[in-house]
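Heads up: the structure comes next, in structure tokens.
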2 protein chains.
Amino acid sequence: MAQPQTKKAEPPSDSITLTRREREKAARRDTILEAAKDLFYQKGFPDTTMEEIAAAAEVSKGTLYLYFSSKDELYVSIILEGFQIIDGKLEEISATKGDLVEKGRSMFMTFVEFCLENREYFRITQYFLSETARRNLPAALIEGLSTYTTGLLGYVADLVAEGKTAGIIRDDVDPYTFAVIAWRTATGILDLAVIEDETGLAGGEYLDLFEQAFDFLLGGAMERS
Amino acid sequence: MAQPQTKKAEPPSDSITLTRREREKAARRDTILEAAKDLFYQKGFPDTTMEEIAAAAEVSKGTLYLYFSSKDELYVSIILEGFQIIDGKLEEISATKGDLVEKGRSMFMTFVEFCLENREYFRITQYFLSETARRNLPAALIEGLSTYTTGLLGYVADLVAEGKTAGIIRDDVDPYTFAVIAWRTATGILDLAVIEDETGLAGGEYLDLFEQAFDFLLGGAMERS
DNA sequence: TAATATTATGACCACCGGTCAGAAGCGAGC
DNA sequence: GCTCGCTTCTGACCGGTGGTCATAATATTA
């Protein structure tokens, strides 16, 4: 997940020791990351303490801070992992040949379903928007997240642009703007859908709401023949 | 802010003592609430401590807990106040006669602008969606919020229903569903717009994004003549 | 004024994220 | 194989926070 890993197989006696060290460091980092992910997903971000993560990773609390500068940075690293998974799925859809509208719907629903199946992950990404999180985070991480987001939106924007060329989407629709709006509509509804104890709609019922939201947005962007 | 206030001006010697006590209690509660609101709006929720609120309200920290069971409950009480302001604005728009589409846009943008002008308020409402907040909150407060939300959405749903009657909105559009989607689209984008330090778009630029989002949604719901 | 009930106080507690001085581990040179 | 020096690890410790509770102050009643 996002770490060099430097698996170079050049073993002259000199550099090999350094390389093994690096590998061990990366492995420990991964161990911590996995432990943290399990706990965050199980108990949520605020209820997971650094002490617990340290115990689960079988290191001391101090060691945590040798690999991650703060609790916030730790979970942002986990976010990035999730981003890469979604990125893979969208790229796959993007590569298929087929009806443009169905490809769009598929992207939208794939994103939604991933977030519904990984609620804790979604909650974490949302928490990241909060002012507090951003104040305490290394600028590099924020930058990284923005880049990933832009990348994901790119798949949608490209599709919309294709739709314009094909005469399906209106000329005055800006592809990237549409992508942003669709993305934020999805997350807005997800905020609701991710709440377990809600009196109203339950899990599956929300899928229809997402479908309808997509239909409205698309309908507003399509060329009316 | 949802407290009785009991300003009754009936002063028979017997009940007056009891009433005065009640009034004093309510007044204290209000004082605390005002102090907390000022601080929350100024410094944000996480950076405001109970000690500070106590100092600002000129009471001790312990007293805070005689009036509010937790920090969470304190600020949710503030949320309810904000809801009533929005409710008033939407009701006003609802009562005007005029173009249905413009009324809808006006409701959407009024909500958005209120949230942009009261970012702290908006952040609080969003935080309220989190699992943690819900676990620690009195059921009555959650119930209250749901009721208010349903009320706000009612204005939009009624307008959509009117649009259907007028033949502007498609027959198969469910008014309440549309209202929910529009609401969540707004909050989804607001999540982004409310971040100060964002590299990309700045404050005002978002207004256009909201307008476009509204246009897409509406376009998808309108009867295509 | 004395007895009682209500309300306010702030020292105190548990807990958490984060730090740091020192311990432990490990490779290199003699 | 022993020591020296560097890297990695540790856990006691710190500052600060939300929340509690025995006690004090105040108001009410008799």
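All of these numbers come straight from a predicted model, not from anything done at the bench. Order of the sequence lines fixes the chain letters, A, B, ..., with proteins taken first and strands second; residue numbering starts at 1 for each chain.
- In this entry the distance linking CZ of B:Arg29 with C1' of C:dA8 reads 18 Å, nearest Å.
- Taking atom CE of B:Met50 as the reference point, atom C1' of D:dG18 lies 7 Å away to the nearest angstrom.
- Residues A:Phe210 and A:Leu116 meet the side-chain proximity criterion, which asks for heavy atoms closer than 4.5 Å.
- A donor and an acceptor atom, one from each side chain of A:Thr63 and A:Ser60, are located under 3.5 Å apart.
- The CE atom of A:Met107 sits 10.0 Å away from atom CD of A:Glu91, with the distance rounded to the nearest 0.5 Å.
- In this structure, the OH atom of A:Tyr65 is 18 Å from the P atom of C:dA21, given to the nearest Å.
- Spacing between atom CG of A:Asp47 and atom C1' of C:dG17 amounts to 15 Å, rounded to whole angstrom units.
- In this structure, A:Lys71 atom NZ and C:dT19 atom C1' are separated by 17 Å, rounded to whole Å.
- Separation of the A:Phe216 and B:Phe178 ring centroids falls under the 6.0 Å cut-off.
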With B for base contact, S for sugar-phosphate-only contact and - for none (protein heavy atoms under 4.0 Å), nucleotides 5-16 of chain D reads --SSBBB-----

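- When B:Ile53, B:Ile78, B:Asp38 are each tested for a side-chain contact (heavy atoms from CB on, under 4.5 Å) with B:Leu33, only one passes: B:Ile78.
- In this structure, B:Ile53 atom CD1 and D:dT17 atom C1' are separated by 12 Å, rounded to whole Å.
- Looking at heavy-atom distances under 4.0 Å, A:Thr48 makes contact with sugar-phosphate atoms alone, never a base.
- Going from atom CH2 of A:Trp183 over to atom CD1 of B:Ile189 covers 10.5 Å, rounded to the nearest 0.5 Å.
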